[in-house]
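Written below as structure tokens is the structure these notes are about.
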Protein chains: 2
Amino acid sequence: MPLTLRQRNRLAAMHHIIETAMDLFDEHGYSAVTVEQVAAAAGVSPRTFYRYFGTKEGLFATDTHAAVGQDLLAEQLDLDDLPGTLQRIVASVYAAAAPSGEVAAHTPWRGMRYVLEEPAVREAVYTALDDLAERLVAALRSKGVTPTQARVTVRAYLFGVYFGALEQWHLDGRVRPLPDYVQQGSAVLARPPADSNSSR
Amino acid sequence: MPLTLRQRNRLAAMHHIIETAMDLFDEHGYSAVTVEQVAAAAGVSPRTFYRYFGTKEGLFATDTHAAVGQDLLAEQLDLDDLPGTLQRIVASVYAAAAPSGEVAAHTPWRGMRYVLEEPAVREAVYTALDDLAERLVAALRSKGVTPTQARVTVRAYLFGVYFGALEQWHLDGRVRPLPDYVQQGSAVLARPPADSNSSR
DNA sequence: CGCTATATGGCAGTAGGTGTCATATTGACA
DNA sequence: TGTCAATATGACACCTACTGCCATATAGCG
């Protein structure tokens, strides 16, 4: 069932505010722009901004991760193949946002710069990853995986492979396609990682 | 060369503030206690509090992770055996703080409750882990490990194994010793994790 | 067309955090 | 031991993120 008018208006308004905010951030820097300025530039009251996003950093957590996560995750999730799931979702989002191989000034990669460079934004995304991890852990546990195993595995993929790939991709200047990094990252976990005699 | 008097006074003052703060947190809850109240109860000005800890959450990032990390890491770090290094450090800190097997109301485990239960505190610790990860990645790279491999490995151990173990340990009521969880967590990464053909 | 639910804006207030300057304390050195 | 420079502290003013509350407007439905 499609969205009601109110919901569509709400999403459109949020999108507009996000774009407006990113323009201001790109011009003056993240911390130099106040919520009041964003709200004014977008033509809403500060109070409305907070109703939409909760916090200044909510601009990023709402859009990039949560929204994408909801739709794609539901249809792509395969609890028996976490690396594959991650790979498919990232590839899908990346391809949609970067059709020509170039990452344009587009959602959801436009704001990624601030996710990786602004500690406050990064922290907000970490919290979003925490929530996602909690749901995935619950799903894995309902399939009989032990708590510790489920938790460590999910967190290793989200915080290690996914965010690590994102970070390295950004640090390398966003030249090579992001899915390549995710691929490599998964390979690291697939074989006993980075030491001579593994655990012990 | 040992610490100068100023440094020792500073550390003592910080310790006192931390203990005072934890008392207040335990009594009224983290978010219900203001920095102003902590400062007043500890007998310092709010300005001094911020000079010491930077933020309210700095109470946790400064003590638990950074301080321990500096001393122990330097002597325990073995870049060829990350899981072993993690295991030794956690075991060492855990044994020192819980000599009898019980985790007393002691640094650095006393505040751990808020690290795991208060999102703002958790985020601050994540940022501390980010810093530590960056240093470890640099060290690994200088040994010839590729960037992606180094980053994913380090983050998988810090955010996956270490923090995941901490979280599960806390969720389980802190009954079993923490090092056991770290041990199990490392084992998860040591063999290809969480997909159809291995685990479960 | 009118009614109800929901969305918005304005206002006042709380709390976290910083720059600045004056004052006190410390530690080194004569 | 007394003096002086370096450093630590406190007081004040200020900014900004964020919230509760209430009045008002707008959308959607019968």
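Order of the sequence lines sets the chain letters (A, B, ...), proteins ahead of strands, with each chain counted from 1.
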task = Might you work through the side-chain contact (heavy atoms from CB on, under 4.5 Å) test for Thr55(B) and Tyr50(B), ending with a clear yes or no?
result = CA-CA 6 Å; Thr55(B) 68; Tyr50(B) 285 113; 5.6 Å; no

task = May I ask you to say whether Arg135(B) pairs ionically with Asp130(B), meaning some side-chain N is under 4.0 Å from a carboxylate O?
result = no

query = Rounding to a whole Å, what distance do you find between Phe53(B):CZ and dG17(C):P?
reply = 13 Å

key: Tyr50(B) or Arg47(B), whichever maps to the more 5' nucleotide of DNA chain C   = Tyr50(B)

note = Judged by nearest nucleotide, the residue sitting upstream toward the 5' end of DNA chain D, Asn9(A) or Ser31(A), is Ser31(A)

task = Compute the ring centroids of Phe163(B) and Tyr126(B), then answer whether they are less than 6.0 Å apart.
result = yes

Pairs under 3.5 angstrom, nitrogen or oxygen only, protein versus nucleotides 12-15 of chain C, please.
none

ask   = So do the side chains of Arg151(B) and Val188(A) get within less than 4.5 Å of each other, counting heavy atoms only?
value = no

Pairwise side-chain contact, Arg141(A) with Gln149(A), heavy-atom cut-off 4.5 Å (strictly under) = no

key: Check: Tyr162(B) ring centroid to Tyr157(B) ring centroid under 6.0 Å   = no

Cation-pi check, Arg176(B) onto Tyr181(B) ring (under 6.0 Å, within 45° of axis) = yes

message = If you count every heavy atom of other residues, nucleotides or ligands that lies below 6.0 Å from Glu36(B) atom CD, does the total exceed 12?
response = no

inquiry  = If you compare every side-chain N and O of Tyr52(A) against the phosphate oxygens of dA7(C) (OP1, OP2), does one of them come in below 4.0 Å?
reply    = no

query = Can you pull the contact range of chain B along DNA chain D, 5' to 3', using atoms under 4.0 angstrom from its heavy atoms?
reply = dA6(D) to dA11(D)

request  = Kindly point out which of dT20(C), dG9(C), dG17(C) is positioned nearest to the side chain of Val44(A)?
outcome  = dG9(C)

message = Considering every strand and a 4.0 Å limit on heavy-atom distances, what is the contact class for Arg51(A): base, sugar-phosphate, or nothing?
response = base

